[in-house]
Every structure is written in structure tokens, then in C-alpha cells.
Amino acid sequence: MCKSVYCIIFFFLVSANSVFAQLSGGDKNLHLYLLIGQSNMAGRGVVDAESKEVNPRILMLDSLGQWVPATDPMHFDNLKLVGVGPGIAFAKEMLANNSNIKIGLIPCAWGGSPIKVWRPGAKYFKARPYDDAITRTKLAMSQGVLKGILWHQGESDNDSLKSSRYMASIEQLIQHLREDLGMPKIPFIAGEIGYFNKRDFINPVINQLPNKVNQTAVVSAVGLTDKGDRLHFDTPSARELGKRYAIAMNQLQKIQR
């Protein structure tokens with residue numbers, strides 16, 4: 001078996017060319033998922049050997065808008081900190097019972113971003129999180145079918161004042177996403193923040209979402225552990241969170257059928 005750097009590069013180029021050929025003209029079996037929120041969606045878990053395993057049926061839209069094999073880290077919000085998030089574990093679980101599809105992940109999370117910057121026209125440092133997510137998702141939708149949105153955010157709004165405004169903001173976010181993407185019933189799943197945070201104002205608010213907005217769900221963070229900073233999920237917990245997102249997504253998609 002060839003183990004040289006050049007062979008590895010050749011393998012990825014061949015894989016990418018094969019992927020692009022399959023996606024030419026669009027592919028109804030390429031199921032797309034938008035990943036948005038802040039650092040725990042982007043991923044801050046420690047990268048390990050599993051992080052670099054390639055599944056040819058799981059792709060990600062890179063920072064240049066190209067489909068490449070999905071490996072962690074997927075996001076590019078902070079190249080010094082980004083690591084393992086829930087995205088790939090989510091994709092693996094979504095593939096488990098469907099051998100006919102591929103998964104295309106659209107990473108668009110920004111570490112530290114409060115919910116107030118997730119609206120049309122809003123800036124966050126040099127980025128425009130909402131506008132960038134819409135642009136990248138529409139690009140991906142020209143090649144596949146959007147099946148759902150994963151949201152993990154709330155650490156930056158986890159105080160008594162900001163949390164009191166959070167539900168109105170997330171309802172508005174979902175409305176904007178569904179209108180701008182032309183999909184009024186697209187499933188939207190939010191995740192609880194870790195219970196290892198020093199305060200917990202935001203989770204009780206997030207858990208009201210399914211009662212407020214149709215085709216939404218919330219995944220629990222109960223039992224998940226941090227990487228030692230009482231803020232970010234460790235690698236096993238990030239992957240477990242991804243599996244929980246997939247269970248919730250499958251349930252919502254069954255309701256749509």
C-alpha cells in the first residue's frame with residue numbers, strides 16, 4: 001500500500017474528481033445539511049485518528065465552495081482552534097439506514113457569534129454569518145437537495161437578559177432561513193448547550209422551540225462532557241451530539257412524508 005504524501009494527494013484528487021462528476025447537473029440523492037451556530041457546532045474537540053477517516057459518501061463544502069471528502073476539522077472560523085464537531089457523526093448516522101444517498105455538509109458556524117449576528121446584513125468581525133450561510137447553501141442546492149438545518153448556539157446568550165430575548169430571535173432566524181432558501185417547512189434542529197456551563201439560562205428557552213415553531217426539534221446535551229474548559233464539548237461528546245441530531249432529524253423527516 002502506498003503511504004507517501006504524493007499518493008495520498010493523488011487519492012484525494014481522484015476522489016474529488018469522481019465526486020464532481022457525480023454531482024454534475026445536480027443529484028437528488030445528495031442530501032444537504034446546513035451547519036450553523038457558534039463554536040460547538042464548528043467543533044473544538046481534539047482531532048484524532050478517526051477525524052481523518054474518509055467516507056466517500058460524506059462530503060463537505062470547503063471555504064472555496066468546492067465539494068471535498070469530509071474530515072475534521074470541517075469549519076474554518078478559527079483555524080487555530082477548530083477541531084471535532086458534531087457534523088460528521090451526524091452524517092454517518094444519517095447514512096446508516098440508507099445506502100442510496102450521499103451527505104453534503106455545509107459548514108457555516110462562527111465561534112463566539114451571538115444570535116443577534118445571525119440575521120440578514122449583520123456583520124461579525126470580517127464575516128457576515130447569515131448572508132454567507134445563505135450564499136453557500138444556495139450554491140450547494142444547485143448540486144443537491146437541502147434536507148435540514150442544524151443549529152448549535154447559545155453560549156454567547158446565556159445570561160438572564162439575553163436569554164429573555166432569545167426565543168423571538170430564533171423564531172425570526174428560522175423564518176428568514178425558510179424564506180430565503182424557499183423551503184417553508186425545512187426541518188430545523190437546535191441543540192442544548194452543555195450542562196457543564198457555569199450558568200443555564202438558555203436551555204430552558206431553547207427547549208420551548210418545538211412548541212413555538214413547526215418542524216423543529218431540540219436535542220439534549222444531558223450527560224455530555226467538556227474538554228476541560230466548561231464551555232466546549234470534548235471529542236466523544238461532540239460525536240454523541242451529532243448522533244442525537246441525526247435521531248431527531250430522522251424523526252422530523254418521517255413526519256414530513
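If you read the sequence from its start, that first residue is 1, and numbering goes on from there.
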Enquirer: If you measure from CD1 on Ile134 to CD1 on Ile106, what distance do you get to the nearest 0.5 Å?
Expert: 10.0 Å
Enquirer: To the nearest 0.5 Å, tell me how far Tyr245 OH sits from Ile149 CD1.
Expert: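 Between atom OH of Tyr245 and atom CD1 of Ile149 there are 12.0 Å.
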Enquirer: Any side-chain heavy atom of Asn203 within less than 4.5 Å of one from Ile193?
Expert: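 SC-SC contact between Asn203 and Ile193 confirmed.
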Enquirer: Measuring from Leu224:CG to Arg239:CZ, what's the distance to the nearest 0.5 Å?
Expert: 13.5 Å
Enquirer: Heavy-atom distance under 4.5 Å between the side chains of Met41 and Pro86, does that happen here?
Expert: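 SC-SC contact between Met41 and Pro86 confirmed.
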Enquirer: Does Lys126 come within less than 4.0 Å of Asp132, counting only side-chain N to carboxylate O?
Expert: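 Between Asp132 and Lys126 there is no salt bridge, as every charged N stays at least 4.0 Å from the carboxylate O atoms.
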Enquirer: Let me know which of Arg178, Gln172, Glu171, Glu179 forms a side-chain hydrogen bond (donor to acceptor under 3.5 Å, both in side chains) with Gln175.
Expert: Glu179
Enquirer: Do Thr71 and Glu53 have side-chain heavy atoms sitting under 4.5 Å apart?
Expert: no
Enquirer: Below 6.0 angstrom between ring centroids: does that apply to Trp118 and Trp151?
Expert: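 Yes, ring centres under 6.0 Å apart.
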Enquirer: Check whether more than 12 heavy atoms from other residues, nucleotides or ligands sit under 6.0 Å from atom CG of Asn214, and answer yes or no.
Expert: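 No - once you tally the heavy atoms of other residues, nucleotides and ligands closer than 6.0 Å, there are 12 at most.
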Enquirer: Hey, could you give me the CG/CG distance between Leu231 and Asn40, rounded to the nearest 0.5 Å?
Expert: 6.5 Å
Enquirer: Under a 3.5 Å cutoff, is there a donor and acceptor pairing between the side chains of Trp110 and Gln38?
Expert: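 No.
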Enquirer: Do the non-hydrogen side-chain atoms of Val68 and Leu59 ever get within less than 4.5 Å of each other?
Expert: no
Enquirer: With ring-ring contact (aromatic ring centres under 6.0 Å, His included) as the criterion, how do Phe233 and Phe196 come out once you've worked through the C-alpha distance, each side chain's angles and the decisive distance to 0.1 Å?
Expert: CA-CA 9 Å; Phe233 297 113; Phe196 42 73; 5.5 Å; yes
Enquirer: For a side-chain hydrogen bond (donor to acceptor under 3.5 Å, both in side chains) check, start with the C-alpha distance between Asn207 and Glu192, then their side-chain angles and the critical distance, and finish with the verdict.
Expert: CA-CA 8 Å; Asn207 275 290; Glu192 292 185 325; 2.6 Å; yes
